[in-house]
Amino acid sequence: MNVGGKHFRTIWLNEDGRSVDIIDQRWLPHEFRVVTLSTVEDVAVAIRDMWVRGAPLIGVTAAYGMAIQMQADASDAALDAAWEKLHETRPTAINLRWALDEMRKLLKPLPVSERIAAAYKRAAEIADEDVELNRSIGGNGLAIIKEIAARKKPGERVNILTHCNAGWLATVDYGTATAPIYLAAEAGIPIHVYVDETRPRNQGAQLTAWEMAGHGVPHTLIVDNAGGHLMQHGEVDMVIVGTDRTTANGDVCNKIGTYLKALAAKDNDIPFYVALPSPTIDWTVSDGLTEIPIEERSGEEVSYVQGKTETGEIARVRVSPEASPAGNPAFDVTPARLVTGLITERGVAKASRDGLAALFPERK
Ligand SMILES: CSC[C@H]1O[C@H](OP(=O)(O)O)[C@H](O)[C@@H]1O
């Protein structure tokens, strides 16, 4: 996406043909920092500590991590060790395991001498595929926004609520939940986006709001707990979010708080859509509530907030008593019954095994 007139992806291969540069998202919206990842350890830290985050981007970054490891040591043992090191960084987004499996499936049968070139080629393909998948998701989601716009008075804005960041910063480019939003804005459809701040790491306040502002999309930042109230008062026409893992039955795992938005949307008869590329579907699990591992992150992410002081420094400040432990489940599961539709690259599926199988018959 364009940042200050220059086009950026969230990750790119360096001129040395070995290391990758990423946007270190921990410092947005206050500072735009690019860092270089040169070892598989660098990549593991960047994923675990959320320098990069977002299911598709985590997968692409891990794929490059495998390529970087092949550069250092392309043996079977090193390949397996890199798979393990990267897989243990974050447990919930299925794209991580999907990308690592893609790389190992490709590399293991190859002679060691061919693994480096093949790894970088496949990692680049996965990155490019992500962009194309998101473009398609955008087109399929745009049709939904157009339908809603057609039911409004001329010039009336379509009010969309989104949670967390499923934007271009969560992918290589375009985003998933934001792809239809960007296409609608480019098509001149009057839209407005309510951006959930998304505690505790504020991906909405710090990333989605930055994306919307950067692309001139009218938006309003709101606290996580305001969404239900706005829905009750007719202020929201649709909800669209991303996902870190969606089951074969259509259960959706996404950032903590998504389930509560889905409940409020159901109670107010507001369509609740989930945008996802097919690598985010875990065909091996059916029941999201019992089968998807929910990442528990440090309580310090709840007890502290990071921001920019009035004198321009970026600082972390404690918001709760030292004596108060904090729990921090990073995701929750929205049952398929609360999901209006799954916006994939192949079209919009009903949130069910049959619905997904209709779009992905090869998975029946
Ligand atoms: C397009 S996937 C985005 C997805 O990932 C985010 O989680 P995190 O920021 O912890 O990686 C959030 O669940 C988003 O919906």
Side-chain angles (χ1 to χ4, degrees), residues 50 53-60 90-99 130 133-134 136-138 140-141 144 160-172 174-181 196 198 201 203-204 207-208 227 238-263 265-266 271-295 329-353 355-356 359-360 363:
M50 296 176 70
R53 28 64 52 200
L57 179 55
I58 288 172
V60 171
R90 297 191 71 191
T92 303
I94 189 63
N95 310 61
L96 176 58
R97 190 179 76 200
W98 173 83
D130 179 62
L133 291 173
N134 298 336
S136 301
I137 290 167
N140 294 324
I144 296 169
I160 302 166
L161 185 143
T162 193
H163 188 69
C164 199
N165 175 255
W168 70 271
L169 288 169
T171 66
V172 174
Y174 283 100
T176 57
T178 59
I181 291 170
D196 273 359
T198 316
R201 287 190 63 117
Q203 288 94 323
L207 304 178
T208 303
M238 70 181 287
V239 178
I240 183 167
V241 298
T243 173
D244 296 80
R245 189 184 309 210
T246 289
T247 72
N249 283 2
D251 290 344
V252 169
C253 182
N254 197 50
K255 184 54 55 193
I256 193 78
T258 302
Y259 170 52
L260 296 178
K261 291 299 159 358
L263 284 173
K266 191 73 174 180
F272 181 92
Y273 285 99
V274 179
L276 73 162
S278 49
T280 309
I281 302 169
D282 186 346
W283 302 97
T284 68
V285 298
S286 305
D287 179 11
L289 268 183
T290 59
E291 297 185 82
I292 297 177
I294 300 297
E295 180 181 18
F331 299 97
D332 60 25
V333 175
T334 298
R337 60 183 165 77
L338 297 177
V339 178
T340 306
L342 300 169
I343 307 171
T344 76
E345 68 272 17
R346 294 190 189 177
V348 183
K350 283 213 168 302
S352 66
R353 182 174 291 274
L356 283 169
L359 283 186
F360 299 92
R363 290 290 187 172

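Below, all heavy atoms of this structure are taken into account, side chains as well, without hydrogens, waters or symmetry copies. These numbers were taken from a predicted model, which means no experiment stands behind them. Numbers here are sequence positions counted from 1.
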Item to check | Least distance between heavy atoms, Trp168 atom then Tyr174 atom | outcome: CB-N, 3.3 Å
Checklist entry - Taking only residues at least two apart or on different chains, which pairs with a member in residues 334-352 satisfy salt bridge (Lys or Arg N to Asp or Glu O under 4.0 Å)? => result Arg346-Glu362
Checklist entry - Any side-chain heavy atom of Leu338 within less than 4.5 Å of one from Tyr259? => result yes
Checklist entry - Of the non-hydrogen atoms in Ala265 and Val239, which two are nearest, and what is the gap between them? => result CB-CG2, 4.4 Å
Checklist entry - Looking only at atom types and distance, does a side-chain atom of Ser352 sit under 3.5 Å from a main-chain N or O of Gly355, one as donor and one as acceptor? => result yes
Checklist entry - When rounded to the nearest 0.5 angstrom, what is the spacing between CG in Leu263 and OG1 in Thr334? => result 7.5 Å
Item to check | Contacts of type side chain to side chain donor-acceptor pair (under 3.5 Å), residue Thr208, not counting sequence neighbours | outcome: Asn165
Item to check | Ile94/Cys253 under side chain to side chain contact (heavy atoms under 4.5 Å, CB included): CA gap, chis, key distance, verdict | outcome: CA-CA 10 Å; Ile94 189 63; Cys253 182; over 6 Å; no
Item to check | Heavy-atom pair of closest approach, residues Pro56 and Ala170 | outcome: CD-O, 3.4 Å
Checklist entry - Should Leu276 and Thr176 be marked as a side chain to side chain contact (heavy atoms under 4.5 Å, CB included) after you check the CA-CA gap, both sets of side-chain angles, and the distance that decides it? => result CA-CA 6 Å; Leu276 73 162; Thr176 57; 5.9 Å; no
Item to check | Residue list, side chain to side chain contact (heavy atoms under 4.5 Å, CB included) with Arg90, at least two apart or on another chain | outcome: Ile47, Met50, Arg53, Ile58, Lys255, Glu295, Arg297, Phe331
Checklist entry - What pair of heavy atoms forms the shortest contact from Pro180 to Ala177, and how long is it? => result CD-O, 3.3 Å
Checklist entry - Among all residues two or more places apart in sequence or in another chain, which pass the salt bridge (charged side-chain N to carboxylate O under 4.0 Å, His left out) test with Asp282? => result Arg97, Arg245
Item to check | Residue pair Trp98, Thr280: steps toward the side chain to side chain contact (heavy atoms under 4.5 Å, CB included) verdict | outcome: CA-CA 8 Å; Trp98 173 83; Thr280 309; over 6 Å; no
Item to check | side chain to side chain contact (heavy atoms under 4.5 Å, CB included) between Thr247 and Ile292, intermediate numbers included | outcome: CA-CA 9 Å; Thr247 72; Ile292 297 177; 3.8 Å; yes
Checklist entry - Can any side-chain N or O of Asp332 pair as donor or acceptor with the backbone N or O of Ile256 at less than 3.5 Å? => result no
Checklist entry - Are any side-chain N or O atoms of Asp251 and backbone N or O atoms of Ala336, one a donor and one an acceptor, separated by less than 3.5 Å? => result yes
Checklist entry - Nearest heavy-atom pair of Ile240 and Ile343: which atoms, and what distance? => result CD1-CD1, 3.8 Å
Checklist entry - When rounded to the nearest 0.5 angstrom, what is the spacing between CZ in Arg353 and CG in Asn249? => result 4.5 Å
Next on the checklist: Could you check whether any side-chain heavy atom of Leu133 comes within less than 4.5 Å of a side-chain heavy atom of Pro279, counting everything from C-beta outward?
Outcome noted: yes
Item to check | Backbone of Phe272 reached by a side-chain donor or acceptor of Thr340 within 3.5 Å | outcome: yes
Checklist entry - Do we see a donor-acceptor contact under 3.5 Å between the side chains of Asp244 and Thr92? => result no
Next on the checklist: If we ignore hydrogens and angles and just use 3.5 Å, is the side chain of Asp287 paired with the main-chain N or O of Leu289 as donor and acceptor?
Outcome noted: yes
Checklist outcome for this item: Residues at least two apart in sequence or cross-chain that pass side chain to side chain donor-acceptor pair (under 3.5 Å) with Tyr273, listed by chain then number, are none
Checklist entry - Can you tell if the side chain of Thr162 reaches within under 4.5 Å of the side chain of Thr178, non-hydrogen atoms only? => result no
Item to check | Counterpart residues, side chain to side chain donor-acceptor pair (under 3.5 Å), relative to Asp130 (two or more places apart) | outcome: Asn134
Checklist entry - Going by heavy atoms in the side chains, are Val333 and Ile294 under 4.5 Å from each other? => result yes
